[in-house]
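For reference, the structure is listed below as structure tokens.
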Amino acid sequence: MSTTSTQNTETTETAESKERTPDPPQFILYFQGREYALALRKLTLWTHHVLLPVYGREVTSASPWCPRWWEHPEAVAQLHGLWLAWGELTGPGSPMTGPASWHRDHLAVVMNNLRDPQGPFAGCKPGMHRAKETPTVDDMDPFAEISAPVE
């Protein structure tokens, strides 16, 4: 077989495998507008119908949960990552050890971070959401001059 023939076969196989393999879902923080709203709805359905009924545990001051968790960007980001891992590790074709890995490597870490008394839900309690103030910074882009093109 000639080199050109081999290269064409490899190029065709690469293109075909790309067509068969769906793109992985993107992380929710990259979305805007309707795309963000649709991703948040899917995350909310999973959170309300799978995560909380099974893993929610009781809300206390030492283990808070916000009834409006979707208004906390950190919670949305962490829960979305948890949901993506859930899909990869428990979905069709996942390894038999996938669910155990998800529990060990993802669930406990995220839930402990979210429900920490100093975490994103600090000050929230059943029936009450408390918005958080983001830390202030003196300059949004303090190194802009360094990266500016030289004229």
| query | Any side-chain heavy atom of F121 sitting closer than 4.5 Å to one from K132? | reply | no

| request: Evaluate the criterion side-chain contact (heavy atoms from CB on, under 4.5 Å) for residue pair C66 and R115; output intermediate values, then yes/no. | output: CA-CA 9 Å; C66 184; R115 303 205 58 191; over 6 Å; no

| Can you find a heavy atom in the side chain of L107 that is under 4.5 Å from one in the side chain of W86? | no

| To the nearest 0.5 Å, how far apart are CG in L84 and CG in L79? | 11.0 Å

| query | Heavy atoms, side chains only, cut-off 4.5 Å: are L82 and Q78 in contact? | reply | no

| query | Roughly how far, to the nearest 0.5 Å, is the OG atom of S101 from the CE atom of M96? | reply | 12.5 Å

| said: So, taking the atom named CH2 in W46 and the one named CH2 in W83, what distance separates them when rounded to the nearest 0.5 Å? | reply: 9.0 Å

| task | Would you indicate whether E71, at its atom CD, is surrounded by more than 12 heavy atoms from other residues, nucleotides or ligands within a distance under 6.0 Å? | result | yes

| query | Does M140 sit in a hydrophobic cluster with other residues, and if so which ones, taking ILVMFWY side chains as linked at heavy-atom separations under 4.5 Å, directly or through other members? | reply | V137

| Spacing of CG belonging to D116 relative to CE belonging to M111, to within rounding of 0.5 Å | 12.5 Å

| field | Min side-chain heavy-atom separation S63-R57 under 4.5 Å | value | no

| message | Do L114 and P120 make a side-chain contact, defined as non-hydrogen atoms from C-beta onward lying under 4.5 Å apart? | response | yes

| query | In Å, rounded to the nearest 0.5 Å, how long is the span from CZ of R41 to CH2 of W70? | reply | 13.5 Å

| said: Taking the ring centre of each residue, are Y55 and H103 less than 6.0 Å apart? | reply: yes

| said: Quick one, L89 and H106 - any side-chain contact, counting heavy atoms below 4.5 Å? | reply: yes

| task | Take K125 and R130 through the test side-chain contact (heavy atoms from CB on, under 4.5 Å) and record every step on the way to the result. | result | CA-CA 8 Å; K125 51 188 164 192; R130 186 174 77 89; over 6 Å; no

| query | Taking the six-membered ring for Trp, are Y30 and F27 parallel (under 30°), tilted (30 to 60°) or perpendicular (over 60°)? | reply | perpendicular

| Spacing of F31 atom CZ and L40 atom CG [to the nearest 0.5 Å] | 11.0 Å

